[in-house]
Amino acid sequence: MLDPKLLRSDPQFVAQRLALRGFTLDIARLESLESRRRELQTATEQLQNERNVRSKAIGKAKAAGEDIQPLLAEVGQLGDDLDRAKRELAEVQRAWDDMVAGLPNLPHDSVPEGADENDNVELHRWGTPREFDFEVRDHVDLGARFGYLDFELATKLTGSRFAVMRGPIARLHRALAQFMLDKQTQEHGYEECYVPYMVNADSLVGTGQLPKFGEDLFRLTGDNGYYLIPTAEVPLTNFVRDEILDRAALPLKLTAHTPCFRSEAGAYGRDTRGMIRQHQFDKVEMVQVVEPATSYAVLEEMRGHAEAILRALELPYRVVTLCAGDMGFGAAKTYDLEVWLPSQRTYREISSVSNCEDFQARRMQARFRSPEQKKPQLVHTLNGSGLAVGRCLLAVLENFQNADGSIDVPAILQPYMGGVTRINAD
RNA sequence: GGAGAGGUGGCAGAGUGGUCGAAUGCACCGCACUCGAAAUGCGGCAUACCUUCGCGGGUAUCGAGGGUUCAAAUCCCUCCCUCUCCGCCA
């Protein structure tokens with residue numbers, strides 16, 4: 001959520017920043033709602049005050065043994081007026097809340113302008129894509145060789161956009177997740193967490209998936225209305241919802257390996273082959289909750305934490321700064337890491353690292369207290385994949401393939417594979 | 001799933017429908033005392049929003065949401081959560 005004070009004091013500025021991401025702010029509507037809200041709130045509170053004063057007077061009179069009938073008569077009309085005022089106020093307030101809850105975050109000054117992914121700016125590349133002296137197979141073909149990666153089976157079990165992994169590929173998948181988790185906890189200082197894979201609506205509102213993007217989520221039937229998590233960012237970031245932290249508790253660095261569930265309602269027809277875009281995939285997620293002054297330094301740090309995984313795996317990648325138009329709803333600045341996929345001869349997203357500044361914190365009422373400042377201040381929240389396990393798996397399969405369809409296990413993963421150095425061999 | 005007991009400020013813990021935003025204790029902060037500290041005394045100590053240049057004033061919040069009432073932490077309803085016992089289970 002954007003700062004209501006800023007929306008009020010400088011709507012032109014907000015509109016201009018939002019325009020960078022292709023969002024049009026209806027200033028006239030905002031201002032009309034705001035002025036009506038203010039008017040109604042003041043009037044309602046005055047009525048409320050009057051009623052409180054009179055009720056107290058009745059209490060005193062009664063305690064003093066006086067006749068309270070005349071006082072009751074005086075107060076008669078007040079209740080109706082108050083009810084009406086409250087109703088009107090609630091209506092306007094809700095309209096305003098709905099409008100503001102639907103506004104995306106403002107892009108940071110350093111974010112490049114642009115409308116879509118074509119305008120993202122490459123920051124740097126690492127590694128050199130390997131030249132193959134044979135015709136490369138994509139991960140679907142490689143995985144099908146011994147039935148280690150089976151999409152048809154998953155379709156029978158469930159439906160499209162799911163995968164079954166078996167044998168060494170299933171183990172490679174597990175090895176990747178274990179390796180990532182170890183790296184983030186042991187070398188980068190994150191606390192390992194195990195979290196619910198279902199969350200309530202409040203958590204999703206806190207991180208910004210709701211109310212606007214419900215169609216991307218799997219909602220469970222039943223009275224409690226839980227949702228499957230689309231990313232561990234949701235449970236991890238919501239650790240601090242409605243909390244006032246001690247400054248000494250910051251930065252809070254959390255990581256978790258979880259499955260992620262996405263309905264991808266708007267993505268039909270894209271990446272239908274293979275496991276690029278699945279309804280269920282595993283991810284190791286990093287979340288940091290920090291003091292505002294440090295958040296941009298932390299963003300760079302977290303990008304490094306994600307890059308470290310790809311480097312250790314010897315996977316060529318590039319880093320792009322997302323342009324304003326391509327960023328997610330809550331992000332003020334985002335880096336995407338894109339891994340080289342030989343079968344597509346292109347880089348594909350494998351990690352996204354974002355600084356949400358106080359956007360999520362304001363929705364969550366997540367604050368911290370420092371000795372210098374009397375009032376609690378909003379924290380800044382950041383999240384990043386470190387990394388997407390499924391996409392990483394397919395990157396390994398494709399980049400480490402041999403002419404005979406076997407796949408070398410990256411050196412760093414071999415200890416996690418019981419010393420196995422090559423899979424898919426005859 | 002069944003039966004019972006509960007959810008009050010950072011924590012503990014009072015609270016008869018009416019001067020209750022809420023006693024008291026602990027923790028924390030300031031001041032006094034002290035060479036310093038401890039102990040003691042005095043004072044302060046929730047959050048959000050509205051209003052004011054400021055001092056200040058106002059509104060809301062006692063798990064959540066409804067209801068009764070001139071007035072609700074207190075009464076009624078629904079839901080959520082916690083604890084104890086039983087059942088079932090990994």
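A note on names: the letters A, B, ... follow the listed sequences, proteins ahead of strands, and every chain is numbered from 1.
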**Q** For the C1' atoms, the ones on B/G21 and on B/C49, what distance do you get once it is rounded to whole angstrom?
**A**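 The answer is 16 Å between these two C1' atoms.
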**Q** Think A/Arg54 has a side-chain N or O under 4.0 angstrom from the OP1 or OP2 of B/U19?
**A**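 A/Arg54 to B/U19 OP1/OP2: no side-chain N or O under 4.0 Å.
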**Q** Between atom CG in A/Leu378 and atom C1' in B/U47, what is the gap in whole Å?
**A**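 Between C1' of B/U47 and CG of A/Leu378: 13 Å.
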**Q** Taking the P atom in each of B/U74 and B/U69, what is the distance between them to the nearest angstrom?
**A**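 It comes out at 16 Å once rounded to the nearest Å.
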**Q** Decide yes or no, distance alone: a donor-acceptor N/O pair under 3.5 angstrom between the base of B/G18 and the side-chain of A/Lys62.
**A**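 Flag set: donor-acceptor pair detected.
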**Q** Looking only at atom P, what distance separates B/A46 and B/C85, rounded to whole Å?
**A**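 One P to the other, the span is 39 Å.
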**Q** Quick one: is B/G58 close enough that its OP1 or OP2 comes under 4.0 Å of any side-chain N or O from A/Asn49?
**A**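 No.
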**Q** For A/Phe162 and A/His279, take the angle between the two ring planes, folded into 0 to 90°, and tell me which bin it lands in: parallel under 30, tilted 30 to 60, perpendicular over 60.
**A**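 A/Phe162 and A/His279: tilted rings.
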**Q** Please measure how far the C1' atom in B/C89 lies from the corresponding atom in B/A22, and state the result in whole Å.
**A**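 Per the computed distance, 44 Å lies between those C1' atoms.
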**Q** Rounded to whole angstrom units, what separation is found between the CD atom of A/Glu243 and the C1' atom of B/A46?
**A**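 Roughly 14 Å, once rounded to whole Å.
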**Q** Quick one: A/Arg241 CZ to B/A64 P, roughly how many Å, whole number?
**A**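 Spelled out: CZ on A/Arg241 to P on B/A64 is 14 Å.
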**Q** Can you tell me how far C1' in B/G17 sits from the matching atom in B/G13, rounded to whole Å?
**A**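 So the two C1' atoms sit 23 Å from each other.
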**Q** What is the distance, rounded to the nearest whole Å, between atom NZ of A/Lys86 and atom P of B/C50?
**A**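 Taking NZ of A/Lys86 and P of B/C50, I get 19 Å after rounding.
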**Q** Centre of A/Phe368's six-membered ring, under 6.0 Å away, within 45 degrees of the axis: is that where NZ or CZ of A/Arg247 sits?
**A**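 Pair A/Arg247/A/Phe368 does not count as cation-pi.
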**Q** With both distances under 3.5 angstrom, what nucleotide forms a Watson-Crick or G-U wobble pair with B/C75?
**A**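 Checking every strand shown, B/C75 finds its partner in B/G67, with both distances under 3.5 Å.
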**Q** Closer than 4.0 Å, any side-chain N/O of A/Arg37 to the OP1 or OP2 of B/C50?
**A**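 Answer is yes, contact under 4.0 Å.
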**Q** Select one nucleotide: of B/U47, B/U19, B/G18, the one nearest the side-chain heavy atoms of A/Arg367.
**A**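 Looking only at side-chain atoms, A/Arg367 lies closest to B/U47.
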**Q** Between A/Arg262 and A/Asp216, is there a side-chain N and carboxylate O pair less than 4.0 Å apart?
**A**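 No, no charged N to carboxylate O under 4.0 Å.
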**Q** Any side-chain N or O of A/Gln48 under 4.0 Å from OP1/OP2 of B/A60?
**A**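 Result: yes.
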**Q** Just to confirm, is there a sub-4.0 Å distance from OP1 or OP2 of B/A71 to any side-chain nitrogen or oxygen of A/Asn52?
**A**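 So the side-chain polar atoms of A/Asn52 never come under 4.0 Å of the phosphate oxygens OP1 or OP2 of B/A71.
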**Q** Should B/A90 form a Watson-Crick or G-U wobble pair with both distances under 3.5 Å, which nucleotide is its partner?
**A**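 Partner of B/A90: none.
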**Q** Checking base pairs now: Watson-Crick or wobble, both atom distances under 3.5 Å. What partners B/C31?
**A**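 Per the H-bond distance test, B/G41.
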**Q** Among B/C70, B/C49, B/A48, which nucleotide has an atom closest to any side-chain atom of A/Glu45?
**A**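 Output: B/C49.
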**Q** Does the cation-pi check pass for A/Arg166 over A/Tyr148, that is, NZ or CZ under 6.0 Å from the six-membered ring centre and within 45° of its axis?
**A**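 Relative to the ring axis of A/Tyr148, which defines the angle, A/Arg166 lies outside at least one limit.
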**Q** Provide the distance between the two P atoms, one in B/A14 and one in B/U24, to the nearest whole Å.
**A**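 Roughly 15 Å separates the two P atoms.
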**Q** To the nearest Å, how far apart are A/Glu39 CD and B/G58 C1'?
**A**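 Those two atoms, CD and C1', are 18 Å apart.
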**Q** Both distances under 3.5 Å, Watson-Crick or G-U wobble: report the partner of B/U19, or none.
**A**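 Across all strands, not a single nucleotide pairs with B/U19.
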**Q** Considering only atom P, compute the distance from B/G57 to B/C75 and round it to an integer number of Å.
**A**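 That atom pair is separated by 32 Å.
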**Q** Pick the P atom in B/A23 and in B/A73, then give their distance to the nearest Å.
**A**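 Going atom to atom, P in each nucleotide, I get 15 Å.
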**Q** Atom CZ of A/Arg369 to atom C1' of B/A46: distance rounded to whole Å?
**A**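 Spelled out: CZ on A/Arg369 to C1' on B/A46 is 8 Å.
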**Q** Without decimals, in angstroms, what is the distance between A/Gln46 CD and B/U51 P?
**A**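 To the nearest whole Å, that distance equals 12 Å.
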**Q** Please compare A/Ile244 and A/Gly59 by the position of their nearest nucleotide in RNA chain B and report the one closer to 5'.
**A**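 Going by which nucleotide is closer to the 5' end, it is A/Gly59.
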**Q** Nearest-nucleotide wise, let me know which of A/Ile58 and A/Pro4 is further upstream toward the 5' end of RNA chain B.
**A**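 Its nucleotide being nearer the 5' end, the pick is A/Pro4.
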**Q** So which nucleotide does B/G25 pair with, by the Watson-Crick or G-U wobble rule with both distances under 3.5 Å?
**A**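 When the pairing criteria are applied, B/C11 turns out to be the nucleotide that pairs with B/G25.
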**Q** Centre-to-centre under 6.0 Å for A/Phe261 and A/Tyr197, is that the case here?
**A**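 No, the ring of A/Phe261 stays outside the 6.0 Å limit from the ring of A/Tyr197, centre to centre.
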**Q** Let's test this: given Watson-Crick or G-U wobble pairing with both distances under 3.5 Å, identify the partner of B/C85.
**A**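 The base-pairing partner of B/C85, which may sit in any strand shown, is B/G2.
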**Q** Are the side chain of A/Ser354 and the backbone of A/Cys356 linked by a donor-acceptor contact shorter than 3.5 Å?
**A**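 Not confirmed, A/Ser354 side chain does not pair with A/Cys356 backbone.
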**Q** Would you call A/Asp271-A/Arg348 a salt bridge at under 4.0 Å N-O?
**A**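 A salt bridge is present here (some side-chain N lies under 4.0 Å from a carboxylate O).
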**Q** Using atom CZ of A/Arg38 as one end and atom P of B/C50 as the other, report the distance to the nearest whole Å.
**A**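 After rounding, the reported distance stands at 7 Å.
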**Q** Is there a Watson-Crick or G-U wobble partner for B/U61 with both distances under 3.5 Å, and which nucleotide is it?
**A**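 Across all strands, the one nucleotide that pairs with B/U61 is B/A46.
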